[in-house]
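Just the heavy atoms: all of them, side chains too, but no hydrogens, waters or symmetry mates, feed the values below. We count ligands from 1, going down the list as the structure has it; atoms in each ligand are counted the same way. Because the structure is predicted, anything quoted here is derived from the model rather than measured.
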Amino acid sequence: MTTNERKLPVAILVPGNFNDHAVARIDRTFERVTVARADPSLLTDEMRKSVRGIASFGGISAAFMDALPKLEIIANFGVGYDSVDARHAGAHDIMVTNTPDVLTEEVADTTIGLLINTVRELYGAEKYLRDGTWVKQGNYPLSRLTLRGRKVGIFGMGRIGLAVAHRLEAFGLSIAYHNRRKVDGLTYDYHATLKGLAEAVDTLVCIAPGGAATEKAINAEILAALGGNGVFVNIGRGSTVDEAALAAALADGTIAAAGLDVFADEPNVPKALLDAPHTSLLPHVGSASQHTRRAMADLCVDNLVSWFTERRPLTAVPETVNVKAKG
Ligand code: NAP
Ligand code: 8YV
C-alpha cells in the first residue's frame, strides 16, 4: 500500500475476474465498476461517461478504449501487454502501464524448473512411484536426455532472459541469445537471427514478448535448425510458436522434447500438443505464487494511485512513455 492511498472519486473499470488483493486495494482507493469482459457492447452509458481508468489482466482493444472517452490509463496486470493495443493507446493520449521486475526472479525460477522437468522427466518419474510401478517393475528407466553439456539459446534476453541466463551459468552451461539488438556489455554469444541462434544451440528458451513481431517465430524451420537432440522451452507467449509445427516436430523426432508454460489460445491446449511425446505442459504458472502475484497487484494498483494523485505513472510501457496527464 502506498502512503497516497485514500478514497478518490475516480471510476476504475475491472473487466472479468481479477486478483483479490488488487480488487481490495481498488475498493479502498477508487470507485470500482465491473463488466464480465472487455467488450464495448457490455458498457452502460454511465460507464462510458465516468470511467477514467482500467485495471486488467489484458485483452483491451482499440474499440474498447474508443468506447470510453474519459479513459486516461490502463494498468495491465502482467509485464507482457501484447493483448493491450498500446500503440492505439499512445496515439490517443491513454497511458498503459505494466508490472516489470517484480516477477522476474519468480518466472526465471519457473523456467529452470520447467527445463529440468522436461529434460529429466521428473513428472513421469513421480507418477511412476505414485502408480506403484516402482514396486511392481523396478527402477524408472534412465532419462533419454540430460542437461549436462547443453548449449542454451535464449530468445528474448531482457529482464527475465538475463535472470534465466544467470541461473544456467551457475549450472555450467554455455549461453547464447537473440534479440533484435545486441545487449551492450553482455559477453554471451549474440546471434542477429533466430535461425542462427537455433543452429548454434541444442536448447532454445523463448522468453520474448508476444505480438505481431514474434507471431509464430518458432516454426518448422527453427525447430529443424534446433535438431534431433533439441529441447524447446516456452515461458514467453504461445503466439510466438507455430503449435502445429511444434507438435509435428515432437511426433517425428525433429526435436527431442518441449516444455511449455504458455499457449496461443489459453486455456485451450491443442490436442496435438497434449498427445505429443516428450512434452511437459504447465497452465501458465510462470509468476503464479501468492508472493509474486501480490507484488504484481501492488504495482498494478500503485500505477493507478500515482497517476490519479501525482499525475505520473510508475512503469509506463514504451508505446506510451510520452503520454502526459491532463490537468
Ligand atoms: P523485457 O525485459 O522487455 O525483455 C524482452 C526481450 O525480448 C528484450 O530483450 C527484447 O530485445 C527481446 N525482443 C522483443 N521483441 C523481439 C523480437 N521481435 N525479436 C527478438 N527479440 C525481441 O521483458 P521481460 O520482463 O523479460 O518479459 C518478457 C516476456 O515474458 C513478457 O513480454 C511476457 O510475454 C513473458 N512473461 C511470461 C510469464 C509467464 O507467466 N509465463 C511471466 C512474465 C512474463 P530487443 O528489443 O532488442 O529485441
Ligand atoms: C501472468 C504473465 O500470468 O506477466 C506476464 O506477462 O504472463 C504472467 O505473469 C499474467 O500476466 C496474469 O494475467
Flag if over 12 foreign heavy atoms under 6.0 Å of [atom1], [X]:
X	atom1	result
R37	CZ	no
R120	CZ	no
D20	CG	no

For ligand 1, list all ligand N or O to protein N or O distances below 3.5 Å, rounded to 0.1 Å.
| unit_1 | atom_1 | unit_2 | atom_2 | d |
| --- | --- | --- | --- | --- |
| ligand 1 | 2 (O) | R159 | N | 2.9 |
| ligand 1 | 2 (O) | R159 | NE | 3.1 |
| ligand 1 | 2 (O) | R159 | NH2 | 3.4 |
| ligand 1 | 3 (O) | R159 | NH2 | 3.4 |
| ligand 1 | 9 (O) | M157 | O | 3.2 |
| ligand 1 | 9 (O) | G158 | N | 3.2 |
| ligand 1 | 9 (O) | N179 | OD1 | 3.4 |
| ligand 1 | 9 (O) | N179 | ND2 | 3.0 |
| ligand 1 | 11 (O) | N179 | ND2 | 3.3 |
| ligand 1 | 15 (N) | R180 | NH2 | 3.3 |
| ligand 1 | 23 (O) | R159 | NH2 | 3.4 |
| ligand 1 | 25 (O) | R159 | NE | 3.0 |
| ligand 1 | 25 (O) | R159 | NH2 | 3.3 |
| ligand 1 | 26 (O) | R159 | N | 3.3 |
| ligand 1 | 26 (O) | I160 | N | 2.9 |
| ligand 1 | 34 (O) | R237 | NH1 | 3.3 |
| ligand 1 | 40 (O) | H284 | NE2 | 3.2 |
| ligand 1 | 40 (O) | G286 | N | 3.4 |
| ligand 1 | 41 (N) | I235 | O | 2.9 |
| ligand 1 | 41 (N) | D261 | OD2 | 2.8 |
| ligand 1 | 46 (O) | R180 | NH2 | 2.9 |
| ligand 1 | 46 (O) | R181 | NH2 | 2.8 |
| ligand 1 | 47 (O) | R181 | N | 3.1 |
| ligand 1 | 48 (O) | R180 | N | 2.8 |
| ligand 1 | 48 (O) | R180 | NE | 2.8 |

Give the atoms of ligand 2, by number and element, whose distance to some non-hydrogen atom of [X] is under 4.0 Å.
X	result
M296	9 (O)
R237	2 (C), 5 (C), 6 (O), 7 (O)
R293	1 (C), 3 (O)
G78	4 (O), 5 (C), 11 (O)

Between [X] and [Y] (side chain of the first, backbone of the second, donor and acceptor by atom type, cut-off under 3.5 Å), is there such a pair?
X	Y	value
T279	P277	yes
N98	G78	no
R150	D202	yes

Can you tell me how far apart [atom1] ([X]) and [atom2] ([Y]) are? Round to the nearest 0.5 Å.
X	Y	atom1	atom2	result
I73	I94	CD1	CD1	11.0 Å
F308	T29	CZ	OG1	12.0 Å
L68	I54	CG	CD1	5.5 Å

- Message: Is there a polar contact, in the sense of an N or O pair closer than 3.5 Å, between S287 and ligand 2?
- Response: yes
- Message: I'd like to check whether G80 has a polar contact with ligand 2, where a contact means an N/O of the residue lying under 3.5 Å from an N/O of the ligand.
- Response: yes
- Which segment of L103 sits under 4.0 Å of ligand 2 when only heavy atoms are counted: side chain
- Record the part of E106 in heavy-atom contact with ligand 2 below 4.0 Å; permitted values are side chain, backbone, both and neither. neither
- Task: For residues F155 and Y177, establish whether the separation of their ring centroids is below 6.0 Å.
- Result: no
Tell me which protein heavy atom sits closest to [atom], plus the residue, atom name and distance to 0.1 Å.
atom	result
atom 13 (O) of ligand 2	F57 CD2, 3.2 Å
atom 4 (O) of ligand 2	V79 N, 2.8 Å
atom 10 (C) of ligand 2	F77 O, 4.1 Å
atom 2 (C) of ligand 2	H284 NE2, 3.6 Å

- Query: Would you call R293 and E106 a salt bridge, using N to O less than 4.0 angstrom?
  - Reply: no
- Is the shortest heavy-atom distance from the side chain of N117 to the side chain of L282 under 4.5 Å? no
